[in-house]
Amino acid sequence: MIIRDMFYKEIDRDIKGVIKVGQADDENIFQELDEYVVTSELEKYMDRFFAAYKRGVESRTDKMGVWISGFFGSGKSHFLKILSYILSNKVVQDNKGTPRAASSFFLEGVKVESGSLKKKIDEVSGWSNDIDVILFNIDSKSATDSKMNKDAIKDVFMKVFNDYLGYCGSIPFLADFERKLDTDGKYEDFKKKFEEINGSPWTEAREDFYFIQDEIIESVVDLGIMSENEAKNWAENAQSAYSLSIDKFAEYVRKYCESKGKNHHVLFLVDEIGQYIADDSKLMLNLQTVTEDLGTACKGNAWIIVTSQQDIDSITKTMGEDFSK
């Protein structure tokens with residue numbers, strides 16, 4: 001008997017030392033789901049989270065902020081990704097090429113022992129068609145100098161929300177232009193017209209906004225969306241005229257949820273928020289205000305779930321008199 005043959009799985013398989021939020025290929029997702037160990041302590045946290053989320057779905061609430069804390073290497077990012085897979089009921093191919101829903105990893109076998117938790121996972125995964133899960137590492141999505149801005153967190157949230165909807169996240173005023181066209185039912189026509197004129201698909205060319213203004217103007221004028229003077233005026237002043245408040249961002253999310261149905265939910269799952277905020281009380285206040293405004297506007301249809309190496313009380317205590325609990 002060779003020792004390696006005693007193990008159920010290959011002992012020389014690739015095992016990720018660190019779980020990264022950005023790794024989203026089927027092979028990695030399957031391994032993360034398949035090899036995730038739900039301890040008795042994790043069962044308690046999962047049960048607590050899904051119970052709170054279930055209350056948010058079945059009734060109105062502004063208690064929709066979740067703070068996941070733990071020391072380096074404790075499994076925060078993995079836990080966050082597992083929640084995202086269950087909530088969206090992500091379908092992945094197993095090592096035999098068979099499609100498998102994320103919830104099945106926890107509803108079948110002995111990974112989860114609690115019957116109560118299994119019931120909650122089954123219920124929550126059944127709502128996946130009415131849930132948009134936006135998972136990201138906040139530092140990787142923020143602009144290089146954005147932390148100098150006290151509204152940095154709101155800007156990152158707007159960027160990832162625009163990206164998720166297919167708008168231009170890196171140029172927010174252009175995303176507003178696309179949103180307006182989409183609302184008016186003219187976005188697809190615009191993209192076709194632009195490609196006819198420019199020769200490149202809109203989604204590939206739009207990052208070079210300052211080099212394609214003439215083609216944009218020609219497109220909207222040909223379609224009758226704007227007059228030539230209006231189009232030129234917009235192109236010249238769009239950036240300087242753009243502004244985004246936190247309540248306006250919350251309103252965008254609310255309108256999106258309502259457009260998708262009465263009980264549609266958007267979940268922002270944010271990794272490493274604690275390291276991003278560090279000891280900057282302005283960023284912490286910005287996160288608090290974003291959470292409060294989303295709670296007020298969306299009444300439980302938008303959630304923010306974050307991870308941090310520090311618990312929330314220690315962060316607010318470190319900031320001392322600069323920050324009020």
Side-chain angles (χ1 to χ4, degrees), residues 16 19-39 42-59 61 64-66 68 75-137 160-161 163-166 253 256-271 298 300-307:
K16 304 297 179 188
I19 298 297
K20 303 183 184 77
V21 159
Q23 287 179 323
D25 56 283
D26 268 14
E27 185 179 348
N28 271 309
I29 294 173
F30 174 77
Q31 187 181 49
E32 287 166 5
L33 285 164
D34 186 49
E35 302 196 4
Y36 193 69
V37 177
V38 183
T39 63
L42 276 174
E43 277 198 1
K44 293 176 188 175
Y45 288 125
M46 291 178 87
D47 192 83
R48 185 179 172 189
F49 169 76
F50 287 123
Y53 181 72
K54 186 168 176 280
R55 285 195 299 273
V57 171
E58 293 174 345
S59 60
T61 181
M64 30 56 72
V66 181
I68 301 168
K76 302 182 299 298
S77 298
H78 202 172
F79 183 65
L80 189 73
K81 288 186 85 173
I82 293 298
L83 289 182
S84 77
Y85 299 149
I86 295 172
L87 288 162
S88 61
N89 208 14
K90 180 81 175 175
V91 176
V92 293
Q93 289 191 339
D94 62 19
N95 44 21
K96 295 179 181 176
T98 307
R100 191 171 173 189
S103 58
S104 67
F105 290 85
F106 302 88
L107 298 176
E108 300 167 8
V110 295
K111 192 184 285 283
V112 172
E113 294 183 1
S114 166
S116 170
L117 177 55
K118 281 188 174 182
K119 184 179 178 182
K120 290 185 181 76
I121 290 174
D122 191 34
E123 280 184 286
V124 168
S125 61
W127 299 326
S128 60
N129 290 334
D130 277 324
I131 296 174
D132 286 311
V133 175
I134 305 175
L135 174 70
F136 62 99
N137 181 305
V160 297
F161 186 56
D163 280 335
Y164 183 81
L165 297 181
V253 178
Y256 172 75
C257 289
E258 287 183 354
S259 73
K260 301 292 282 186
K262 184 181 177 182
N263 215 18
H264 195 83
H265 284 65
V266 173
L267 286 81
F268 295 94
L269 283 76
V270 193
D271 198 26
C298 302
N301 283 4
W303 283 63
I304 294 179
I305 306 163
V306 305
T307 69

Does any part of the side chain of Met46, heavy atoms only, come nearer than 4.5 Å to the side chain of Val38, both counted from C-beta? yes

Are Asp271 and Phe136 packed together at the side-chain level, in the sense that at least one heavy-atom pair is separated by less than 4.5 angstrom? no

Which distance, rounded to the nearest 0.5 Å, do you find between the OH of Tyr36 and the CG of Leu42? 4.0 Å

Separation of Leu83 CG from His78 NE2 (nearest 0.5 Å): 10.5 Å

Nearest non-hydrogen partners of [X] and [Y], listed with the distance:
X	Y	answer
Val133	Tyr164	O-CE1, 3.9 Å
Val266	Cys257	CG2-SG, 3.7 Å
Leu33	Lys111	O-NZ, 3.1 Å

Has Arg100 got its NZ or CZ under 6.0 Å from the middle of the six-membered ring of Phe105, at an angle within 45 degrees of the ring axis? yes

More than 12 non-hydrogen atoms from neighbouring residues, nucleotides or ligands closer than 6.0 Å to NZ on Lys260, yes or no? no

Do Lys120 and Asp47 meet the salt-bridge criterion of a basic N to acidic O distance under 4.0 Å? yes

Applying the side chain to side chain contact (heavy atoms under 4.5 Å, CB included) test to Leu80, which of Val270, Ile68, Val306 qualifies? Ile68

Applying side chain to side chain contact (heavy atoms under 4.5 Å, CB included) between His264 and each of Asn301, Ile131, Asp132, Asn129, report the one that passes. Asp132

Between Phe268 and Trp303, is the ring centroid distance below 6.0 Å? no

For Glu123, the salt bridge (Lys or Arg N to Asp or Glu O under 4.0 Å) test, sequence neighbours excluded, returns Lys54

Angle class for the Tyr53/His265 ring planes (parallel below 30°, perpendicular above 60°, tilted otherwise)? perpendicular

